[in-house]
Amino acid sequence: MLPNPLAPAHSLIRSFTHSLLSPHGRLLDLRQPRVMGILNATPDSFFAGSRVATEADLLARAGALLAAGAAVLDVGAYSTRPGAADVPVAEELARLLPAVGALRREFPDAFISVDTFRAAVAEAAVHAGADLVNDVGGGTLDADMFATVGRLRVPYVLMHMRGTPQTMSTLTDYEDDLVLTLLRFFRDGLAALRAAGAHDVVLDPGFGFAKTPAQSYELLRRLPELGALGGAVLAGLSRKKMVYGPLGLTPEAALNGTTALHMLALQGGARLLRVHDAAEAAQVIRLFTSIFK
């Protein structure tokens, strides 16, 4: 049973985030689970298959993701793999804004997410046409993020992480129950976002971000408990170490394990699957919805 102090969090957002409304008028329906396809405008993301080096590569991969069933394109220009090098703001903007502009021109109806923890980058991307801000820092890495997304009225992914991508792997010791720690983090984040004017908020437990594989498994097993706060949940499991590590594989060989964990995430209540492989994730969702009508 969850402690009573969490109960007030129910009023902070809708009883369930059925949809995300972009400031540009596009709507993402979450009454059934959806696929978020990954586009990395970076040279060092952990899975080479998600990297796009040119505009032609970007548009080709984006088109393939959409054709395979992705409802959201999530484009990032700062690698957040453990130990990744820091990227200056100017470089992140130089990578990200042309990508958002090209995607918006080529796919005018696509729901575009930007993967950034910097408020200035998020604001520039929204002005360029982005519909959603996916913040791995959950507001902890930029004090202006909540005020920015509230002012822009842009949907927001609130993810749990400790430290930075450079330090998070050393910050996996939790004094309290792991899920209770996340619930408190989300409760406080939702309250601050609501005060800033934000409404459409998705919760992401941050698999692998300041969590060991064992801790990530615990989060996956207990994912239904995050539903106590009433928000839609995003699961980012695709080809991560929690998948390939125990199997003695590489990220390139981790699709089958990813698919297995996607089904568990859906059973736990996830409404967005952030993936490298859209067709396979869409198939899992089709089977899941056929079984659990």
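None of these values were measured; they are calculated from a predicted model. Side chains included, hydrogens not; waters and symmetry mates left out as well; all remaining heavy atoms used.
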Minimum-distance pair of heavy atoms, taken over all atoms of [X] and [Y]:
X	Y	value
Val114	Ala130	CG1-CB, 3.7 Å
Ala102	Leu58	CB-CD2, 4.2 Å
Pro33	Leu266	CB-CD2, 3.6 Å
Phe107	Ala62	CE1-CB, 3.7 Å
Gly37	Ala70	N-CB, 4.1 Å
Tyr217	Pro246	OH-CG, 2.7 Å

Would you indicate whether the side-chain heavy atoms of [Y] and [X] approach each other to under 4.5 Å?
X	Y	result
His24	Phe111	no
Leu28	Val72	yes
Pro155	Ser113	no
Asp204	Val233	no
Leu219	Leu223	no
Leu152	His127	yes
Phe185	Pro205	no
Ser19	Leu30	no

Thinking salt bridges, do [X] and [Y] make one under a 4.0 Å N-O criterion?
X	Y	answer
Lys211	Glu218	no
Asp74	Arg61	no
Asp200	Arg153	no
Asp177	Arg222	yes
Arg151	Asp144	no
Arg26	Asp109	no
Asp277	Arg239	yes

(request) May I have the step-by-step check of side chain to side chain contact (heavy atoms under 4.5 Å, CB included) for His262 and Val275, ending in yes or no? (result) CA-CA 9 Å; His262 278 160; Val275 309; 3.3 Å; yes

Short question: side chain of [X], backbone of [Y] - any donor-acceptor pair under 3.5 Å?
X	Y	result
Gln215	Thr212	yes
Asp131	Ser22	no
Arg104	Ala110	yes
Arg95	Ala77	yes
Ser216	Met242	no
Arg34	Asp29	yes
Arg271	His18	no

When hydrophobic residues are tied together by side-chain contacts of less than 4.5 Å, even through go-betweens, does [X] share a cluster with [Y]?
X	Y	value
Leu193	Leu182	yes
Val35	Leu261	no
Val284	Leu237	no
Leu255	Leu65	no
Leu203	Leu264	yes

Distance alone, cut at 3.5 Å: any donor-acceptor contact between the side chains of [X] and [Y]?
X	Y	value
Thr167	Thr170	no
Thr259	Asn256	no
Glu92	Thr116	yes
Asp115	Tyr78	no
Arg194	His199	yes

(message) Run the side chain to side chain contact (heavy atoms under 4.5 Å, CB included) test on Leu132 and Ile112 for me, step by step, so that the C-alpha distance in whole Å, both residues' side-chain angles and the decisive distance to 0.1 Å come before the verdict.
(response) CA-CA 6 Å; Leu132 171 68; Ile112 298 174; over 6 Å; no

(request) Applying side chain to side chain contact (heavy atoms under 4.5 Å, CB included), run through Leu20 and Leu27 and close with a yes or a no. (result) CA-CA 6 Å; Leu20 304 180; Leu27 188 71; over 6 Å; no

(request) Would you mind telling me which of Asp135, Val133, Thr164 makes a side chain to side chain contact (heavy atoms under 4.5 Å, CB included) with Phe117? (result)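 Answer after filtering Asp135, Val133, Thr164: Asp135.
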
(message) If I take atom CG from residue Leu287 and atom CZ from residue Phe292, how far apart are they, to the nearest 0.5 angstrom?
(response)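 Separation between the atoms: 11.0 Å.
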
(request) Drop me the distance from Glu55's CD to Arg105's CZ, to the nearest 0.5 angstrom. (result)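 The CD atom of Glu55 sits 5.5 Å away from the CZ atom of Arg105.
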
(message) Using 30° and 60° as the class boundaries, would you call the ring planes of His160 and Tyr174 parallel, tilted or perpendicular?
(response)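 Ring orientation of His160 relative to Tyr174: tilted.
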
(request) With side chain to side chain contact (heavy atoms under 4.5 Å, CB included) as the test, would you mind laying out the steps for Met168 and Met161 before giving the verdict? (result) CA-CA 7 Å; Met168 63 184 180; Met161 180 178 71; 3.7 Å; yes

